[in-house]
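Written below as structure tokens is the structure these notes are about.
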Amino acid sequence: MSEVTKTDAPARPLNFIEEIIEEAIARGETRVHTRFPPEPNGYLHIGHAKSICLNFGLAKRYGGLCNLRFDDTNPVKEDVEYVDSIKEDVRWLGFEWAGEYYASDYFEQLYQWAEQLITKGKAYVDDQTQEQIRTSRGTVTVPGTNSPWRDRTVDENLDLFRRMRAGEFADGDKVLRAKIDMAHPNMLMRDPIMYRILHSEHHRTGDKWCIYPMYDYAHGESDSIERITHSVCTLEFDVHRPLYDWFIAELGIFPSHQYEFARLNLTYTMMSKRKLLQLVQEKVVGGWDDPRMPTICGLRRKGYTPAAVRAFADRVGVAKRDNVIDLGLLEFCVREDLNKVAERRMAVVDPLKVVITNYPENATENITCVNNPEDEAAGVRKVPFSREIYIDRSDFMVDPPKKYYRLSPGAEVRLRYAYLIRCEEVIYDSAGQPIELRCTYDPESKGGGSSDGRKVKGVIHWVSAPHAIEAELRLYDTLFTRENPDDVEEGKTFTDYLNPDSMVAVRALIEPSLASATVGQSFQFERVGYFTPDPDSRPGALVFNRTVGLKDSWGKIAAKE
RNA sequence: UGACCCAUGGUGUAAUGGUAACACAGCAGAUUUUGGUUCUGUCGUUCAAGGUUCGAAUCCUUGUGGGUCAACCA
């Protein structure tokens, strides 16, 4: 356990948990030990990323430690598949845990402590049915009533509890309950269940146990065993805190303390594990790692970087107020990172052929292109140029509106890093749609300037027709059309708000250097957006995911017209 | 009709009894061989009513609004 030392304090103000810690430091407490405690029953999402960044961030900032602990007290819902994915995601985010722990490692200790509570007269075996327990608990406004088994003797309780462990009873026959107060205003304190009988195989302990501790009984004690100083969880556990403290006090063990913060919500998506599972099971999405999912693996596949997610977690802040973060902030964070690190490439999403009539036939030249104007060290690359090229259909208009800087009949534009061209003739198909442009180029204008110093405002991207390679581009939009898909109108469900255009695949023509792109790389397709190769991508059958589009101020102006 | 938590621009988050600010979004402009980036400017905020105080976003009271809790889930 290391001493508290403040390291790389960020410029931002302290959040309330950091304030609590700094007050403790001022009082002379010298240790910060946190933990990230997922139940291995599903994939991690962006909300978990906030918690991970908070817990690991606190440890890092104050020179402490952060554990990874799997809260695996319910064998029927958990699986090793999930522990593996959770570890992968935490590592991907850039964090390394001080220790890897499992609540199931503490089953024996937890059991011994339960016997201790029975011996103290603070716990009893209850024979009531689930239904009887539920009704006798009362409601939020009416007190509960005591179980007829509440006053069993210590010896009888001990005997029964041992026989529960020995497997003498069937699931649901008996439970162990804490003896607190059936009239307590806090429902959680009305003799909460500590153990239930579950003849079920556990992914780590196998069939060693047939009784399993409940969350409330296991969590605080697990924190205590690991000597966690700051047990950080989300707001809905606020009402559990008195119970958390009660067990620790009755047992007289290391006093970990719980602090609650507001979970993350994001517009146009949802964090409910149950609903995300439904989307996977009903094949609305391709899987947990579908790029439209708010899961960490989905964001990764979509091209989000760990740095972007961490920056996002830092910017959303930590407080106790319910919140819904604008998706725009997440997108800002990934653009901010990718703008600095992603190499630029040219890709034509919707190709329109252009023939440069005064350019020599069968000639090819290599145009020097800057890889990243934000990073000189990224260097340059050569891109082939020839008489026939493709430009994007949206970069040409027969009858352009005002302030349209791109190509139109008689107008001139700059081909990025190459020449100025002028549109001399438009060739139409039988439906009246332009299918080819005949242009002339200014041989003196290569790389910049022009033969006579004239200024040309428009710059468009291009690919050489004989050199370009084909690729599938998957263009993503929000999965839902509603800002808060959980907020459903009368008679509807969240699936009624699915966006039919959340994924659109197009065939594009891209520059040849992209043939060797590999999963994990990010590129900015100039003037289009950020893209990353999808795991489905194969040589000769390239697939790229759009991480996020570029900011599009022309699109905004055009939309207003 | 219980206990607990929360309430600051459109969205988040600060201000810790002393000039309500920062980011994102929006708007306007400058720069730009990406209508990107960068830079500048700008719009706009303390749930209500009382009280304490020289002074309240902050403390107190009462409301109002939102949230959590009645799984042998976590």
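Every chain is numbered from 1, with letters handed out A, B, ... down the list of sequences.
The residue A:Gln524 sits close to a base: some heavy atom pair falls under 4.0 Å. The residue A:Pro242 sits apart from the nucleic acid: no heavy atom pair falls under 4.0 Å.
Taking atom CZ of A:Arg263 as the reference point, atom C1' of B:A74 lies 10 Å away to the nearest angstrom. Nucleotide B:A71 holds its P atom 15 Å from the CG atom of A:Leu243, rounded to whole Å.
Phosphate contact (OP1/OP2 of B:A74, side-chain N/O of A:Arg69, threshold under 4.0 Å): absent. Residue A:Thr139 places no side-chain N or O under 4.0 Å from the OP1 or OP2 atom of B:G2. Distances shorter than 4.0 Å separate some side-chain N or O of A:Ser553 from OP1 or OP2 on B:G36.
Going from the C1' atom of B:A49 to that of B:G41 covers 39 Å, rounded to whole Å. Comparing the same atom, C1', in B:G9 and in B:A57 gives a spacing of 14 Å after rounding to whole Å. Here, B:U61 and B:A20 have their P atoms 26 Å apart, quoted to the whole Å. The separation of B:U45 from B:A14, taken at their C1' atoms, amounts to 13 Å, rounded to a whole angstrom. A gap of 13 Å separates the P atoms of B:A21 and B:U46, to the nearest Å. Distance noted for atom P between B:G18 and B:A28: 39 Å (whole Å). With both ends at atom C1', the span from B:U11 to B:A25 equals 7 Å, rounded to whole Å. One P atom belongs to B:G12, the other to B:C47, and the distance between them is 14 Å to the nearest Å.
Comparing atom distances between the A:Gln130 side chain and each of B:C72, B:U34, B:G12 picks out B:C72 as nearest. The nucleotide whose nearest atom lies closest to any side-chain atom of A:Ala319 is, among B:U13, B:G35, B:G36, B:U13.
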May I have the step-by-step check of side chain to side chain contact (heavy atoms under 4.5 Å, CB included) for A:Ile21 and A:Arg61, ending in yes or no? CA-CA 11 Å; A:Ile21 291 175; A:Arg61 182 184 176 110; over 6 Å; no
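Put simply, the side chain of A:Asn372 gets close to the backbone of A:Lys340: a donor and an acceptor are under 3.5 Å apart.
Between A:Val354 and A:Cys439, the closest heavy-atom pair is CG1-SG, 3.7 Å. Scanning both residues, A:Glu221 and A:Leu110, for their nearest heavy atoms gives CB-CD1, 3.5 Å.
By the neighbour-count criterion of 12 heavy atoms within 6.0 Å, atom CH2 of A:Trp149 is sparsely surrounded, having that number or fewer from other residues, nucleotides or ligands.
You won't find any donor-acceptor pair under 3.5 Å spanning the side chain of A:Glu483 and the base of B:G10, going by distance alone. In this model, no side-chain donor or acceptor of A:Glu374 finds a partner on the base of B:U38 within 3.5 Å.
A stacking contact between A:Tyr215 and B:A74 is absent: the pair does not combine a ring-centre distance of less than 5.5 Å to the base's six-membered ring with planes differing by less than 30°.
Remark: A:Arg165 is positioned above the aromatic ring of A:Tyr111, its terminal NZ or CZ atom under 6.0 angstrom from the ring centre and at most 45 degrees off the axis.
Separation of atoms CZ (A:Arg344) and CD (A:Gln524) is listed at 4.0 Å; rounding is to 0.5 Å.
Checking A:Tyr244, A:Tyr215, A:Tyr259, A:Phe261 one by one against A:Phe237, the ring pair (Phe, Tyr, Trp, His ring centres under 6.0 Å) holds for a single residue, A:Tyr215.
With its glycosidic angle more than 90° from 0, B:A28 is assigned anti.
Residues A:Lys446 and A:Glu365 are paired through a salt bridge, judged by an N-O separation under 4.0 Å between the basic side chain and the carboxylate.
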If pairs are Watson-Crick or G-U with both distances under 3.5 Å, what is the dot-bracket string of RNA chain B, marking crossing pairs with [ ] and pairs to another strand with |? .((((((..((((....[..)))).(((((.......)))))....(((((..]....))))))))))).....
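Taking the six-membered ring for Trp and the full ring otherwise, A:Phe161 and A:Tyr195 have centroids separated by under 6.0 Å.
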Between the protein and nucleotides 22-28 of chain B, which nitrogen or oxygen pairs come in under 3.5 angstrom?
unit_1: B:A23; atom_1: O2'; unit_2: A:Arg315; atom_2: NH1; d: 2.6
unit_1: B:G26; atom_1: OP1; unit_2: A:Lys556; atom_2: NZ; d: 2.4
unit_1: B:C27; atom_1: OP1; unit_2: A:Lys560; atom_2: NZ; d: 3.4

